[in-house]
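Residues: numbered from 1 along the sequence shown.
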Amino acid sequence: MERFTTHLLHFIVLLFSGNLLVLVSSIGINYGQIANNLPSPEKVVPLVKSIGATRVKLYDADPDVLKAFANTGVEFIVGLGNEYLTKMQDPTEAQSWVKSNVQAYLPATKITSIAVGNEVLTFNDTSLSGCLLPAMQSIHTALINLKLDRQVTVTTAHSLAILETSYPPSAGAFREDLKGCLSPILDFLSKTCSPFLINAYPFFAYKANPKQISLDFVLFQPNDGIVDSGNNLHYDNMLFAQIDAVYAALGSLGYKKLPVQISETGWPSKGDDDEVGASPENAKKYNGNLLKVVSQKKGTPAMPEYDLNIFVFAMFNENLKPGPTSERNYGLFKPDGTPAYGLGFSGISSGGGNSGHNNSGTNTPTPPSYILPPENPNNGYMSISPAERLIWRRSIGILSAVGLILILISISLP
């Protein structure tokens, strides 16, 4: 018994010395609903759990989905569509939206973030892009007024097309014409400790240039990789290269430590004749290997100590999505709840059914679920830094681990 207790005490010392840190990486999933044949949200709950996802990203704040996931522990990013940006500049409208679409479901449903708009800056619509930051600020002010700003962040998702340069990764840079819009948004995200969301699809790069880009490189398969001439770092997959290009671009504007999340990435299981690489085999390799990479809890070559925060696109094949065939075939599951291809998921036996929804939409030291102290800063921004937030979260984890250890000690005593 004495030796057992001694080992446990040594374990506690390691925990508090910071030499033993258990960081849990998990996968997220995009739950799009541009379809008329999807299963009910209640049937989606076990599907989400079957793939080990603990986070879901919506393109709206569907009440049926948010109710179905109450008390499941699954964390949600809810979306506010581009069509609402003009209206959300009005603080009164923003507060009404937050009350109805966020506050009404807390705390049973764990809403941790609001994504205001989707890929707004690359629509080349200046009237729309001019509304983005004011809308984000109004939503954040509403959260402050409702005392929810300590548990719900405000952000927006960007297309990788906001980059002017992405190769080599160390030379990553934002488009010059977007820096005027991006800089104040980055300042907002930094001050509110909110994540920077980016939609990254190696499939698009391969589709555009299949003769020069290695399929193994984009599918996380064994390959020789590339060496970044700017820093001599080696890359064996394109997604990591894209992520580090984003970090380099952020660093060039002074925001290298801003948390980055991949809000969308995936691979289609079917495409048109000119959509090279779209197949069940390649989708299985991409998403299967992606899940393995996330489970390894390792960062990118340039940011090895940062967790990967990735949302796979998407939960289902969506039959009403416009565009090429691939757009309707990104799902891990078919509408009847069976797997679109073999990834080891059992799926559900569902007769499908019209959900009635037609929703729009297509690492960092700290995970997306932030644990914050109770203070409410007067300036409207969260005063806690990302580093402090990490310490706070790790402290909670350490205390939980110590509690478990003390229980083990107590039950081991005669």
Side-chain angles (χ1 to χ4, degrees), residues 21-33 38-58 65-66 68-78 109-113 195 197 199-201 219-221 237 239-240 243 259-269 280 282-300 306-317 330-350 363-364 366-371 393 397 400-401:
L21 292 172
V22 181
L23 298 181
V24 180
S25 295
S26 64
I27 202 73
I29 188 76
N30 283 274
Y31 183 1
Q33 294 175 278
L38 299 183
S40 67
E42 289 76 16
K43 291 185 177 180
V44 177
V45 174
L47 284 180
V48 169
K49 292 182 178 293
S50 77
I51 62 176
T54 59
R55 296 171 290 158
V56 170
K57 179 169 159 284
L58 293 177
V65 173
L66 295 177
F69 279 85
N71 304 310
T72 62
V74 175
E75 297 179 0
F76 272 83
I77 297 177
V78 296
T109 303
K110 296 179 65 176
I111 299 172
T112 60
S113 189
L197 305 187
N199 299 336
Y201 288 90
L219 295 179
F220 303 94
Q221 295 286 97
N237 71 81
L239 183 64
F240 279 14
I243 295 173
V260 171
Q261 292 182 15
I262 302 303
S263 43
E264 289 183 19
T265 192
W267 197 280
S269 59
N282 289 340
K284 178 180 179 179
K285 288 177 182 178
Y286 184 85
N287 286 319
N289 288 331
L290 176 63
L291 294 175
K292 291 177 184 177
V293 167
V294 172
S295 70
Q296 291 171 359
K297 304 178 180 64
K298 66 177 183 179
T300 62
Y306 280 30
D307 290 344
L308 291 174
N309 289 296
I310 295 175
F311 288 79
V312 174
F313 188 87
M315 194 74 197
F316 296 105
N317 289 335
Y330 273 92
L332 298 183
F333 294 95
K334 298 176 183 177
D336 64 359
T338 60
Y341 43 86
L343 270 179
F345 309 139
S346 60
I348 59 174
S349 178
S350 166
N363 261 348
T364 120
T366 172
S369 175
Y370 299 118
I371 299 175
R393 186 175 181 87
S400 298

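F220 is listed as a side-chain neighbour of L239, based on a closest heavy-atom distance under 4.5 Å. Counting heavy atoms from C-beta on, the side chains of V312 and Y330 never come closer than 4.5 Å. Side chains of N309 and V260 form no contact here, defined as non-hydrogen atoms less than 4.5 Å apart. Taking the side chain as every heavy atom from C-beta outward, L290 and W267 never approach each other to under 4.5 Å.
Partners of N287 according to the side-chain hydrogen bond (donor to acceptor under 3.5 Å, both in side chains) rule, which considers only residues two or more places apart in sequence or in another chain, are Y341. Remark: E42 engages S40, A68 in a side chain to side chain contact (heavy atoms under 4.5 Å, CB included) (not counting sequence neighbours). T265 is linked by a side-chain hydrogen bond (donor to acceptor under 3.5 Å, both in side chains) to Y286, counting only residues two or more places apart in sequence or in another chain. Every residue two or more places apart in sequence or in another chain was checked for a ring-ring contact (aromatic ring centres under 6.0 Å, His included) with F240, and none qualifies. For F316, there are no ring-ring contact (aromatic ring centres under 6.0 Å, His included) partners, not counting sequence neighbours.
Closest heavy-atom contact between G331 and N317: N-OD1, 2.8 Å. Residues G288 and L343 approach most closely at CA-CD2, 3.4 Å, considering heavy atoms. Nearest approach of P335 to P39, heavy atoms of both residues: O-CD, 2.9 Å. Residues M315 and L47 approach most closely at CE-CB, 3.4 Å, considering heavy atoms.
The CG atom of N199 sits 11.5 Å away from atom CD of Q261, with the distance rounded to the nearest 0.5 Å. To the nearest 0.5 Å, atoms CZ (R55) and CZ (F311) are separated by 4.5 Å. Here the CG atom belonging to N237 is positioned 8.0 Å from the CD1 atom belonging to I243, to the nearest 0.5 angstrom. Between the CG atom in L197 and the CD1 atom in I262 there is a gap of 9.0 Å [rounded to 0.5 Å]. A distance of 13.0 Å separates CG in L332 from NZ in K284, rounded to the nearest 0.5 Å. Taken from CZ in F333 to NZ in K43, the straight-line distance is 14.5 Å, to the nearest 0.5 Å.
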Self-check item: Full working for side-chain contact (heavy atoms from CB on, under 4.5 Å) between L58 and L66
Solution: CA-CA 10 Å; L58 293 177; L66 295 177; 4.0 Å; yes
Quiz item: Under the side-chain contact (heavy atoms from CB on, under 4.5 Å) criterion, do V44 and V65 qualify, and how do the steps go?
Solution: CA-CA 9 Å; V44 177; V65 173; over 6 Å; no
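Not one N or O on the side chain of N30 forms a donor-acceptor pair closer than 3.5 Å with the backbone of A314.
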